[in-house]
Amino acid sequence: MIGLGTIINVVLILLGGILGMLFGRRMTERYQDTLMKSQGLCLLFVGIGGAMEQMLQIQDGKLSSGGTIMIVVCFALGSLIGEALNIEYRIEQFGEWLKNKTGNSGDNRFVHAFVTTSLTVCIGAMAVVGSIQDGISGDYSTLALKGTIDLIIVCAMTASLGKGSIFSAIPVGLFQGCITILASFLQPIMTDAALANLSLTGSMLIFCVGVNLVWEKKFKPANMLPTIVLAVIWALV
């Protein structure tokens with residue numbers, strides 16, 4: 001069944017959110033803050049590890065790095081485009097709408113939880129590759145694995161940030177669903193080089209999300225999202 005991978009992923013996110021709510025209710029604010037910082041630390045190292053994996057290579061027995069010009073150019077242009085479109089503000093507006101429509105207007109952490117968790121579970125090569133596999137051959141194994149990882153992430157983030165994290169299932173469903181539908185068009189575009197660039201820039205954005213969790217808001221990672229698109233285009237030209 002085409003699209004089953006995204007459905008499984010969304011269901012697992014919802015399950016993780018429910019478990020996180022049950023767990024979070026038993027924790028005081030001090031414990032929630034500690035858990036949030038620990039998740040931020042994990043995201044920092046996930047981002048660093050993913051970026052280094054793509055940038056560092058062994059050539060002639062020596063360690064060398066690559067992709068520097070690509071990330072400098074793509075992040076500069078992508079951030080300017082994202083700032084002009086004000087993507088972060090629009091996502092936050094959607095979060096505010098969700099907060100009011102779901103009867104959570106009194107939850108001051110709702111929008112932050114929604115935006116932070118959505119960026120964490122949406123960014124990454126697994127979402128793109130898995131959705132293409134699902135759309136072309138109905139192979140949902142990659143998205144099922146991603147869903148299992150997302151379950152753990154969303155569970156921890158819901159426990160520390162609040163119920164807004166659960167609604168990250170919405171952008172995941174929309175993003176991966178659209179890629180699944182467009183899979184036949186996107187498959188030839190997503191070459192190995194394009195996926196490597198996507199993984200590199202996506203890992204750097206995840207690092208930014210981790211920084212925001214540990215040291216409050218320092219970056220606007222949503223406004224940097226066009227960087228991923230530019231990184232893929234870079235690999236094709």
Side-chain angles (χ1 to χ4, degrees), residues 9 12-56 63 65 67-68 71 75 78-79 82 87-88 91-92 95 107-127 145-169 171-172 196 198-225 227-228 231:
N9 199 162
L12 289 173
I13 287 175
L14 294 174
L15 177 60
I18 293 170
L19 292 173
M21 284 183 62
L22 295 174
F23 182 56
R25 287 173 181 172
R26 300 177 180 273
M27 295 193 302
T28 63
E29 186 175 338
R30 180 167 63 93
Y31 284 97
Q32 290 176 347
D33 182 67
T34 299
L35 181 59
M36 180 180 68
K37 294 293 194 298
S38 71
Q39 292 308 298
L41 178 64
C42 291
L43 290 179
L44 286 174
F45 278 92
V46 168
I48 292 171
M52 293 298 98
E53 182 180 3
Q54 299 301 327
M55 291 186 71
L56 299 181
L63 189 64
S65 63
T68 305
I71 59 175
F75 263 94
S79 298
I87 298 173
E88 184 120 346
I91 295 176
E92 288 175 350
D107 186 354
N108 295 327
R109 301 187 302 168
F110 186 96
V111 175
H112 174 61
F114 169 71
V115 174
T116 301
T117 310
S118 296
L119 289 172
T120 303
V121 295
C122 277
I123 298 171
M126 284 185 78
L145 174 60
K146 176 182 177 292
T148 304
I149 298 171
D150 289 348
L151 183 152
I152 299 171
I153 293 173
V154 174
C155 178
M157 285 193 159
T158 304
S160 59
L161 298 176
K163 66 180 69 174
S165 297
I166 300 175
F167 294 89
S168 62
V172 167
L198 186 152
S199 181
L200 171 54
T201 52
S203 294
M204 293 176 69
L205 291 178
I206 288 175
F207 175 85
C208 293
V209 174
V211 169
N212 286 349
L213 283 176
V214 176
W215 292 287
E216 302 300 333
K217 191 169 184 177
K218 301 294 183 182
F219 293 102
K220 295 180 180 178
N223 280 357
M224 300 179 187
L225 284 175
T227 300
I228 296 177

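For reference, positions follow the sequence shown, starting with 1.
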Sorted by chain and number, sequence neighbours left out, side chain to side chain contact (heavy atoms under 4.5 Å, CB included) with D33 holds for M36, K37
Shortest non-hydrogen pair, I123 vs I206, comes out as O-CD1, 4.0 Å
Sequence neighbours excluded, the answer for side chain to side chain contact (heavy atoms under 4.5 Å, CB included) partners of I18 is L22
Between the SG atom in C208 and the NZ atom in K220, the distance rounded to the nearest 0.5 Å is 13.0 Å
The side-chain hydrogen bond (donor to acceptor under 3.5 Å, both in side chains) partners of N223 (sequence neighbours excluded) come to E83
Between V111 and G95 the two heavy atoms that sit nearest each other are CG2-C, 3.8 Å
Smallest heavy-atom separation, L119 atom then A222 atom, equals CD1-N, 4.0 Å
Show, in sequence, the C-alpha distance, side-chain angles and deciding distance for T227 and M204, and conclude whether the side chain to side chain contact (heavy atoms under 4.5 Å, CB included) test is met. CA-CA 10 Å; T227 300; M204 293 176 69; over 6 Å; no
All N/O donor-acceptor pairs, side-chain side in residues 40-54, below 3.5 Å, sequence neighbours left out:
none

Residue pairs passing the side chain to side chain donor-acceptor pair (under 3.5 Å) test with at least one member in residues 198-213, sequence neighbours excluded, are none
When every non-hydrogen atom of L205 is compared with those of P221, the smallest separation belongs to CD2-O, 4.0 Å
Exercise for the section: Check whether any side-chain heavy atom of F114 lies under 4.5 Å from a side-chain heavy atom of E92, and answer yes or no. Expected result: no
So salt bridge (charged side-chain N to carboxylate O under 4.0 Å, His left out) across residues 38-50, not counting sequence neighbours, yields none
With a cut-off of 3.5 Å and sequence neighbours excluded, list every side-chain donor-acceptor pair involving residues 147-169.
| from | atom 1 | to | atom 2 | distance (Å) |
| --- | --- | --- | --- | --- |
| T148 | OG1 | A144 | O | 3.0 |
| D150 | OD2 | N9 | ND2 | 3.1 |
| D150 | OD2 | K146 | NZ | 2.6 |
| T158 | OG1 | V154 | O | 2.7 |
| S160 | OG | A156 | O | 3.1 |
| S160 | OG | M157 | O | 3.3 |
| K163 | NZ | N104 | OD1 | 3.2 |
| S165 | OG | T117 | OG1 | 2.9 |
| S165 | OG | G162 | O | 3.4 |
| S168 | OG | S165 | O | 2.7 |

Q: Could you tell me whether a side-chain N or O of S38 sits under 3.5 Å from a main-chain N or O of L35, the two making a donor and an acceptor?
A: yes
Item to complete: Inspect the surroundings of CZ in F75 and state if more than 12 heavy atoms from other residues, nucleotides or ligands are less than 6.0 Å away.
Response: yes
